[in-house]
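To start, the structure under review is shown below, and the notes come after it.
Both counts, for ligands and for their atoms, begin at 1 and track the order of listing. Counting from 1, the numbers follow the sequence of the chain as shown.
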Amino acid sequence: MVGTQHAARILVASNRGPVSYTLREDGTLSSRRGGGGLVSGLSAIGPDADAVWVCAALSDGDREAVREGVGEDGSRMIAVDPLTFEAAYNGIANSVLWFVHHMLYQTPVEPVFDEDFRGQWASFEAYNAAFADALAQEAAEGAAVLVQDYHLSLVPAMLRERRPDLRIGHFSHTPWAPPDYFRLLPDDVAEELLAGILGADRAAFLTRRWADAFAACCVSVLGATLSADGLEVSWRGRTTRLGVHGLGADGDFLRERAHRPDVADWMETLRAETGPGRKLIVRVDRTELSKNIVRGLLAYRQLLDDHPDWRGRVVHIAFAYPSRQDLALYREYTAEVSRVAEAINTDYGTLDWTPVLLRVDDDFARSLAAYRLADVALVNPIRDGMNLVAKEVPVVSDNGVALVLSREAGAYEEMGRHAITVNPYDIRATAAALHTGLTLPDADRADRTKRLADAATALPPSRWFLDQLHALGD
Ligand code: G6P
């Protein structure tokens, strides 16, 4: 299918694709398959469907793979020039759009919309146009195109201009900012982003809250009108239907994967590292500003102050995997996470008890081992589109888990009732929630875990993906 023109009936477009390539020292390429909801969702349509996944070349290895024509069947990598990519990805997508939707700016001094920003915005337009070109080239007459996430907000309108015959969907995996915050963006940029997504027939979100915020932005910024149910946005003679699809955990895959020998080995290692019989508070995240890892650690510290009887009897396992380390703020945040964890260990640790076990290298099997062992799972983001960790832990938990969950995570809509919910900014309340989680009676914990697991697997990735295709009329 690679390179075939006008052949694909189903197309997916996302910045990060299913495979990444690394250039070895001897000049050869090694490849690595990624995981995530989109990869398992796409597998639901089977290998025979005429499907193509269009993604960006993210690294030198990816760009070399494109040059050599190396690639997986059914995927097409786009190699825009590295400076354009850098400005679009790090400059706009991760430093502006991510910050707006997660409301991360320190607004007295940020954001700054200067000449650099304007250059980056032009790169973002060029990068989105490169996707629109590739999709227009690959799509068969009337094909369904599923465009993913904030990196590609402009693609739907650009693609419609090139190929009015296509059925186009856009899916946002992030929250959407409310109008007062979204309007931080320069007016023309705010308008172009909304108009870009409204180029789609359907614009879908992980929760109703994010869909409503998008609709409110369309009304406030563009003067669009809404249908009575709030789920149809009309603007300039076209109507875009909004959808809500709360991506869930892949229960079958997780349960099978969590019972392989490498996970059992990791469970033994973690038990040895944390000490037998101790309660475990577990968190697993990208080291991401919006995940609120530092406040999570401070809440744990507060727990040890408020309830000294927990000292020596509990360990906080914090897996914080590297993410977006090209950005200075992320490097600083990573360092801060380590500093705070080390300070807790220095101030409270004893000869035979290390209060925090921080690990910063990514290992999925080790994460699953921690999920299985967890007594309490801490998921306290400032703001999060969904948060799959909250959904994965109860599915694989061995002995039941109490979920401490931020009310600002998308997962809260489906799981909040069975979790111990927190205001993510309130460290003292988070400490109290950790204590409640640790002391939850066994029967209550077992009951909640079952309800959490049911809610978490209600819309597995395969159904999530097919639902979107069906909504486009496939
Ligand atoms: C979020 C976004 C995804 C992104 C992922 C990892 O979940 O919604 O689009 O792929 O973070 O971020 P990265 O910048 O490493 O792709």
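The number of heavy-atom neighbours closer than 6.0 Å to CD of Glu115, taken from other residues, nucleotides and ligands shown, is 12 or below.
Considering backbone and side-chain N/O atoms, Tyr89 comes within less than 3.5 Å of an N/O atom of ligand 1.
Distance from atom 3 (C) of ligand 1 to its nearest protein heavy atom, with residue and atom name: Asp149 OD2, 3.4 Å.
Below 4.0 Å from some heavy atom of His173 lie the following atoms of ligand 1, by number and element: 8 (O). Of all the atoms in ligand 1, the ones that sit under 4.0 Å from a non-hydrogen atom of Arg286 are 6 (C), 11 (O).
Figure legend: Arg257 and Phe364 shown without cation-pi pairing, the cationic atom not lying both under 6.0 angstrom from the six-membered ring centre and within 45 degrees of its axis.
Of the protein's heavy atoms, none falls inside 4.0 Å of atom 7 (O) of ligand 1.
Contacts of Trp98 with ligand 1, taken as heavy-atom pairs under 4.0 Å, involve the side chain alone.
In terms of heavy-atom proximity, Pro82 sits nearest to Arg63 at CG-NE, 3.8 Å.
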**Request:** Go through Trp464 and His173 one step at a time and tell me if the ring-ring contact (aromatic ring centres under 6.0 Å, His included) criterion holds.
**Result:** CA-CA 12 Å; Trp464 170 83; His173 294 260; 5.6 Å; yes
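With Tyr412 contributing its side chain and Ala419 its backbone, the two residues share no donor-acceptor pair below 3.5 Å.
In summary, Arg324 and Glu288 engage in a salt bridge, as defined by a charged side-chain N under 4.0 Å from a carboxylate O.
In this structure, of Arg16, His151, Met386, Arg324, the residue bringing a heavy atom nearest to atom 12 (O) of ligand 1 is Arg324.
Not a single heavy atom of Gln148 lies less than 4.0 angstrom from ligand 1.
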